[in-house]
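Encoded as structure tokens, the structure appears first; notes follow it.
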There are 2 protein chains.
Amino acid sequence: MKHSIKTYQFFFGALANPNRLQIINILRQGKKNVSEICQVTGFEQTMVSHNLKVLEYHGMVFREKNGKFRYYAVNKKTIKPLLEFIDTHMEEYCCRILEEKHERKK
Amino acid sequence: MKHSIKTYQFFFGALANPNRLQIINILRQGKKNVSEICQVTGFEQTMVSHNLKVLEYHGMVFREKNGKFRYYAVNKKTIKPLLEFIDTHMEEYCCRILEEKHERKK
DNA sequence: ATAACATATGATAATTATATCATTCTTATG
DNA sequence: CATAAGAATGATATAATTATCATATGTTAT
């Protein structure tokens with residue numbers, strides 16, 4: 001591991017939250033400002049801002065200023081392949097959970 | 001997103017824990033049983049077992065029975081490229097500043 | 001059979017993360 | 001300047017996760 005355990009912990013922690021994942025998912029369609037994200041999700045503004053800060057801190061989204069608006073864009077270079085990779089993993093290993101349950105019954 | 005938000009949340013949540021990350025890191029060198037993991041890490045046996053269960057549940061480690069021992073092996077096909085990918089991301093978007101901040105928190 | 005070791009499980013106290021509230025900062029416009 | 005709208009920040013009660021304790025299960029050897 002190139003970096004400290006804590007660095008990886010916080011990186012994954014940033015993605016281990018349903019609201020942040022939903023924000024990411026919405027931003028995948030294109031950049032949006034905070035109010036727009038609130039409208040689409042129904043989330044409170046402060047909650048969105050707090051969570052966007054976490055995502056930006058980890059380089060998962062980028063911020064762009066436009067007047068009084070702050071537009072956020074997802075880091076496609078990272079997020080897109082990351083989610084695709086995990087999809088592949090899940091397809092291959094999610095079935096193991098069932099197998100394991102059968103094994104224990106013996 | 002192919003899967004539900006919760007599925008991704010729990011996947012990343014499994015990796016958002018320093019003890020589980022340390023266990024993964026040790027298993028990268030080769031398969032080990034629970035006692036061996038405890039010895040190397042200094043962790044309690046019950047804590048290791050609990051965390052291994054989480055990792056196994058998500059297909060991040062595999063279990064192999066050998067007498068009274070249970071050997072755990074990391075899912076290299078997933079974990080290795082995943083960590084490498086994140087290293088690349090960190091080099092480009094975060095790294096140094098974060099590492100330093102984590103150091104200070106100790 | 002039972003002792004001794006290896007591992008797993010369940011409950012819960014303690015830690016950590018999170019949403020919410022109150023407030024402040026920023027920018028645009030009358 | 002004053003006001004309003006968009007966004008960020010800080011404090012904190014709540015919710016979620018985690019380590020620990022007590023105990024159970026499984027395995028080997030005596």
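In what follows, every chain begins at residue 1, and chains take the letters A, B, ... in the order their sequences are listed. Values below: all heavy atoms of this structure, side chains included; hydrogens, waters and symmetry mates excluded. Remember, it's a predicted structure, so these values are computed and weren't measured experimentally.
Atom NZ of Lys65(A) is separated from atom P of dA28(C) by 8 Å (rounded to the nearest Å). The CD-P distance, from Glu44(A) to dA22(C), rounds to 11 Å in whole Å. Phe12(A) places its CZ atom 18 Å from the C1' atom of dT17(D), with the value rounded to the nearest Å. Between Phe10(B) atom CZ and dT17(D) atom C1' the separation is 11 Å, expressed in whole Å. The interatomic distance linking Gln39(B) (CD) with dT7(C) (C1') rounds to 15 Å, in whole Å. Atom CZ of Phe43(B) and atom P of dA6(C) are 19 Å apart (whole Å). Look at OH on Tyr57(A): it is 13 Å from P on dA17(C), rounded to the nearest Å.
Taking side-chain N and O atoms only, Asn51(A) has a distance below 4.0 Å to OP1 or OP2 of dA19(C). Look at Asn17(B) and you'll find a side-chain N or O under 4.0 angstrom from OP1 or OP2 of dT18(D).
Evaluation of the salt bridge (charged side-chain N to carboxylate O under 4.0 Å, His left out) test over residues 46-59 of chain A, restricted to residues two or more places apart or in two chains, returns Glu56(A)-Arg63(A). For the ring pair (Phe, Tyr, Trp, His ring centres under 6.0 Å) condition, no pair includes a residue of residues 63-88 of chain A, sequence neighbours left out. Under the salt bridge (charged side-chain N to carboxylate O under 4.0 Å, His left out) criterion, the residue pairs touching residues 74-84 of chain B are Glu92(A)-Lys77(B), Lys80(B)-Glu84(B), with sequence neighbours excluded. Pairs engaging residues 2-27 of chain B under the salt bridge (charged side-chain N to carboxylate O under 4.0 Å, His left out) rule: Glu91(A)-Lys2(B) [sequence neighbours left out].
Nearest-nucleotide assignment on DNA chain D puts the 5′-proximal partner with Gln9(B), out of Gln9(B) and Met47(B).
Considering every non-hydrogen atom in both Ile37(A) and Leu52(A), the closest pair reads CD1-CD1, 4.0 Å.
Of the residues in residues 24-32 of chain A, not one places a heavy atom less than 4.0 Å from an atom of DNA chain D.
Shown here are the side-chain hydrogen bond (donor to acceptor under 3.5 Å, both in side chains) partners of Lys31(A), two or more places apart in sequence or in another chain: Glu64(A). In this structure Ser35(A) satisfies the side chain to side chain contact (heavy atoms under 4.5 Å, CB included) test together with Asn33(A), sequence neighbours excluded. Partners of Gln45(A) according to the side-chain hydrogen bond (donor to acceptor under 3.5 Å, both in side chains) rule, which considers only residues two or more places apart in sequence or in another chain, are Ser49(A).
Between Phe11(B) and His89(A), the distance separating the two ring centers is shorter than 6.0 angstrom.
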Query raised in the report: Could you run down nucleotides 1-14 of chain D 5' to 3' and tag each one B, S or - for protein heavy-atom contact under 4.0 Å?
Result: ----SSBBBB----
